[in-house]
Structure formats: structure tokens, C-alpha cells
Peer 1: 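Handing you this structure, nothing more for now.
Heavy atoms only: backbone and side chains are in, while hydrogens, waters and symmetry mates are out. The model shown is predicted, which means the values in this text are computed figures rather than measured ones.
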Amino acid sequence: MKSQKDVVLKETFQRIIGKHIRQSRTMWGLTQEEAAERIGCSAKHLGRVERGEKSPNGFLLSIIQIKFNLNSDYLIEFKEALKKFENEN
């Protein structure tokens, strides 16, 4: 069974990465359908990732980073959220 901390951190990561993926996609002027076709997943799955409901697997994240020049700022934001969470608990 996952601890509450693990669940919170996973949800935080999903929310952050989803936000950054959506920003990257919209910067390119693509719909979810167009972006999903380019990266090889369904628009439904991409929508779930962007809303923070699902995490992209490592392969999909790599494809997104390459195709849409997604930088690693999401890692910096997650690191800051992790520090804040650990300081509060």
C-alpha cells in the first residue's frame, strides 16, 4: 500500500508535468488531437496527462520532450514542491 506522502507527491508531479506539456503543446498551436497523433498516443490519454490524471511513461515523455522542445523546468518546479512538502511534514 502506498503511503499518503507517495500519493500526494505522485499527484503533484502529474499536475506539474501535465501543465508543462499543455503549455508546450499550445505554444506550438496544436490541438490535443494533432499533438497526440505526432507523439503516438490517443488524444484521450494526452488529455488525461495534461489534466494531471495520468503520468506519461518515460518513453512518451521523451517523445514529447523531443517533438515539442519541452524543457526540464517541470523538474525544477517539482523539486520546489517536494522541498515545500517535506518542510511542512
Side-chain angles (χ1 to χ4, degrees):
M1 183 180 225
K2 292 183 180 182
S3 71
Q4 181 64 25
K5 177 182 176 182
D6 291 340
V7 171
V8 169
L9 292 177
K10 180 179 180 182
E11 289 172 354
T12 301
F13 178 77
Q14 287 176 181
R15 182 182 44 77
I16 290 169
I17 190 66
K19 178 182 78 172
H20 284 267
I21 290 170
R22 175 175 280 147
Q23 288 171 346
S24 181
R25 175 183 59 77
T26 57
M27 183 184 75
W28 284 90
L30 299 171
T31 65
Q32 283 183 343
E33 291 78 14
E34 292 167 333
E37 186 176 315
R38 289 188 186 190
I39 61 175
C41 73
S42 71
K44 187 176 181 178
H45 181 68
L46 181 58
R48 287 179 178 152
V49 168
E50 288 186 356
R51 289 188 301 274
E53 298 169 5
K54 291 279 189 183
S55 295
N57 64 32
F59 179 74
L60 183 60
L61 182 56
S62 296
I63 295 297
I64 292 168
Q65 287 178 303
I66 292 166
K67 297 269 185 174
F68 303 125
N69 290 333
L70 179 67
N71 61 33
S72 58
D73 287 351
Y74 66 89
L75 291 175
I76 295 166
E77 188 175 340
F78 182 64
K79 183 178 178 182
E80 291 169 0
L82 180 59
K83 278 184 185 179
K84 182 179 177 185
F85 180 83
E86 289 177 345
N87 287 336
E88 291 174 354
N89 295 299

Peer 1: Would you please name every residue forming a side chain to side chain donor-acceptor pair (under 3.5 Å) with Q32, sequence neighbours left out?
Peer 2: E50

Peer 1: Side chain to side chain donor-acceptor pair (under 3.5 Å) with S55: which of K10, Q14, R48, E11?
Peer 2: Q14

Peer 1: Return the CG to CD1 distance between L70 and I21, rounded to the nearest 0.5 Å.
Peer 2: 6.0 Å

Peer 1: Could you tell me if the side chain of L61 sits less than 4.5 Å from the side chain of N57, heavy atoms only?
Peer 2: no

Peer 1: Heavy-atom count check: over 12 atoms from other residues, nucleotides or ligands less than 6.0 Å from R38 CZ?
Peer 2: no

Peer 1: To check you understand the geometry: which heavy-atom pair defines the closest contact between I17 and P56, and what is its length?
Peer 2: CG2-CD, 4.1 Å

Peer 1: Going only through I, L, V, M, F, W and Y residues with side-chain contacts under 4.5 Å, is there a path from V7 to V49?
Peer 2: no

Peer 1: What side-chain hydrogen bond (donor to acceptor under 3.5 Å, both in side chains) pairs are there with at least one residue in residues 73-82, not counting sequence neighbours?
Peer 2: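 Every pair satisfying side-chain hydrogen bond (donor to acceptor under 3.5 Å, both in side chains) with a residue in residues 73-82: K19-E77, H20-E77, Q65-Y74, N71-D73.
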
Peer 1: Looking at every heavy atom in both L30 and R25, which two are closest together, and how far apart are they?
Peer 2: O-NH1, 2.7 Å

Peer 1: Return yes if some donor-acceptor pair links the side-chain N/O of S72 with the main-chain N/O of L75 below 3.5 Å, else return no.
Peer 2: no

Peer 1: Under 4.5 Å between side-chain heavy atoms, hopping through other hydrophobics if needed: is there a path connecting I66 to W28?
Peer 2: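 They do not share one cluster, since no chain of ILVMFWY contacts under 4.5 Å joins I66 to W28.
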
Peer 1: Calculate, to the nearest 0.5 Å, the distance between atoms CG and CE belonging to N69 and M27 respectively.
Peer 2: 6.5 Å

Peer 1: Could you work out, with side chain to side chain donor-acceptor pair (under 3.5 Å) as the rule, every residue matching R51, not counting sequence neighbours?
Peer 2: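 R51 satisfies side chain to side chain donor-acceptor pair (under 3.5 Å) with E53 only.
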
Peer 1: Nearest 0.5 Å, please: how far is NZ in K67 from CG in L60?
Peer 2: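 Between L60 CG and K67 NZ, I get 11.5 Å after rounding to 0.5 Å.
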
Peer 1: Side chain of S42, backbone of H45: donor and acceptor closer than 3.5 Å?
Peer 2: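 Between the backbone of H45 and the side chain of S42 there is a qualifying donor-acceptor contact (under 3.5 Å).
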
Peer 1: To the nearest 0.5 Å, what is the distance between CD1 (I76) and CD1 (I16)?
Peer 2: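 Rounded to the nearest 0.5 Å, the CD1-CD1 separation comes to 11.5 Å.
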
Peer 1: With a 4.5 Å cut-off on side-chain heavy atoms, are F85 and V8 touching?
Peer 2: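 V8 reaches F85 side chain to side chain.
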
Peer 1: Verify, without hydrogens or angle tests, whether S24 (side chain) and F68 (backbone) share a donor-acceptor contact under 3.5 angstrom.
Peer 2: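 Such a contact is found between S24 side chain and F68 backbone.
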
